[in-house]
S.K.: 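Can you read through this structure? Questions will come right after.
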Amino acid sequence: MIKVQIPKDKYFKMVLEILSPLKPYSSLTKMEREVLSILLELNYLHKDIAYEDRMKIIFNYETRRSIAERMKISVYNLNNLYKELREHKFIDLYSIDKRFLFTPDAHNEFLFTFNGDNK
């Protein structure tokens, strides 16, 4: 067992980096992972709001502008990154796929099992 202490403000970015060699995360570029980590962070920050209402907040235009500013890119470039995340099925037009939602509270341990080739 390897224990890694991750500060909550870096949790999503670091977990996605750890998962990046594994499918489906391996299909994402570094910028796409960064956008996804911010979306997951926003989801966590608004966790007390119902899922549908939370997604409306996370995917509204003002939030997009804020994310673009945080990443120091244009909203146009951010929209292209959203398009890629949609093509990889991590998000759709107005929500994060629930299969990819995780939080530091509920997901503070990850178990990896590696099976070698049986030949």
Side-chain angles (χ1 to χ4, degrees):
M1 176 184 289
I2 300 171
K3 291 191 180 234
V4 179
Q5 291 294 104
I6 301 175
K8 279 198 178 187
D9 63 330
K10 296 180 180 172
Y11 173 82
F12 296 101
K13 188 171 186 174
M14 290 183 75
V15 168
L16 287 177
E17 285 299 317
I18 291 167
L19 296 174
S20 68
L22 308 173
K23 288 187 178 188
Y25 302 96
S26 61
S27 63
L28 300 177
T29 66
K30 183 174 181 158
M31 292 289 283
E32 291 163 359
R33 282 193 308 272
E34 185 173 349
V35 171
L36 183 58
S37 74
I38 293 170
L39 293 174
L40 293 171
E41 179 184 331
L42 291 170
N43 176 70
Y44 179 66
L45 293 174
H46 299 295
K47 65 184 177 189
D48 296 329
I49 301 171
Y51 176 78
E52 292 79 18
D53 296 330
R54 193 173 353 145
M55 292 301 121
K56 288 177 186 174
I57 293 168
I58 293 170
F59 284 87
N60 76 31
Y61 183 74
E62 289 303 315
T63 303
R64 284 186 192 219
R65 278 191 28 206
S66 173
I67 293 170
E69 286 175 18
R70 178 174 168 180
M71 293 181 67
K72 297 178 177 44
I73 61 174
S74 69
V75 173
Y76 177 80
N77 286 340
L78 179 64
N79 287 336
N80 285 334
L81 292 166
Y82 275 40
K83 177 182 172 271
E84 293 299 319
L85 288 172
R86 282 194 302 276
E87 287 180 4
H88 294 298
K89 309 281 191 239
F90 284 91
I91 65 173
D92 62 25
L93 276 176
Y94 303 107
S95 66
I96 304 167
D97 187 316
K98 288 182 180 180
R99 294 176 299 161
F100 301 108
L101 293 178
F102 55 87
T103 68
D105 303 330
H107 303 92
N108 58 7
E109 290 184 353
F110 293 91
L111 174 65
F112 297 94
T113 303
F114 298 96
N115 295 319
D117 192 0
N118 291 333
K119 293 182 182 178

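Not measured: the values here are computed from a predicted model.
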S.K.: Taking all heavy atoms of Tyr82 and all of Val35, pick out the closest pair and write down the distance.
M.R.: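 The pair with the smallest heavy-atom distance is CE1-CG1, 3.6 Å.
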S.K.: Looking at every non-hydrogen atom in both residues, tell me the closest pair between Leu85 and Leu39 and how far apart they are.
M.R.: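 That closest heavy-atom pairing would be CD1-CD1, 4.4 Å.
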S.K.: Determine whether the aromatic ring centres of residues Phe102 and Phe12 are separated by less than 6.0 angstrom.
M.R.: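 Centroid distance Phe12-Phe102: below 6.0 Å, so yes.
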S.K.: Under the criterion side chain to side chain contact (heavy atoms under 4.5 Å, CB included), which of Leu42, Leu40, Leu36 is the partner of Ile38?
M.R.: Leu42
S.K.: Which atom names give the shortest non-hydrogen contact between Tyr61 and Val75, and what distance separates them?
M.R.: CE1-CG1, 4.0 Å
S.K.: Would you give the length of the straight line joining atom CG of Leu78 to atom CD of Glu69, rounded to the nearest 0.5 angstrom?
M.R.: 11.0 Å
S.K.: Are Arg64 and Ile67 close enough that some pair of their side-chain heavy atoms sits under 4.5 Å apart?
M.R.: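 No. Closest side-chain heavy atoms not under 4.5 Å.
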S.K.: To the nearest 0.5 Å, what is the distance between CZ on Arg65 and CG on Asn60?
M.R.: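 It is 10.5 Å, given to the nearest 0.5 Å.
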S.K.: If the threshold is 4.0 Å, N to carboxylate O, is there a salt bridge linking Glu87 and Lys83?
M.R.: yes
S.K.: Is there a side-chain contact between Ile73 and Met31, using heavy atoms and a 4.5 Å cut-off?
M.R.: yes
S.K.: Nearest 0.5 Å, please: how far is CD1 in Ile91 from CD in Glu32?
M.R.: 10.0 Å
S.K.: Kindly give the heavy-atom pair with the smallest separation between Asp53 and Ile49, and that separation in Å.
M.R.: CB-CG2, 3.5 Å
S.K.: Just verifying a value: how many Å separate Asp97 CG and Arg99 CZ, rounded to the nearest 0.5 Å?
M.R.: 4.0 Å
S.K.: Might you point out which heavy atoms bring Leu16 and Ser37 nearest each other, and give the distance in Å?
M.R.: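 So the minimum-distance heavy-atom pair works out to CD1-N, 3.5 Å.
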S.K.: Kindly indicate whether the side chain of Leu81, heavy atoms from C-beta on, has any atom under 4.5 Å from the side chain of Met71.
M.R.: yes
S.K.: Can you check whether Phe59 reaches Leu93 side chain to side chain, under 4.5 Å on heavy atoms?
M.R.: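 Not touching, per the 4.5 Å side-chain cut-off.
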S.K.: Looking at every heavy atom in both Arg54 and His46, which two are closest together, and how far apart are they?
M.R.: CD-O, 3.2 Å
S.K.: Nearest 0.5 angstrom please: Lys30 NZ to Glu17 CD, how far?
M.R.: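 Interatomic distance, Lys30 NZ to Glu17 CD, rounded to 0.5 Å: 6.0 Å.
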S.K.: Report yes if some heavy atom in the side chain of Pro24 is under 4.5 Å from a heavy atom in the side chain of Lys89; otherwise report no.
M.R.: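 Not in contact.
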S.K.: Within this structure, what is the OH-CG distance for the pair Tyr51 and Asn43, rounded to the nearest 0.5 Å?
M.R.: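 CG of Asn43 is found 7.5 Å from OH of Tyr51.
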S.K.: Do Phe100 and Phe90 have ring centroids that are under 6.0 Å from one another?
M.R.: yes
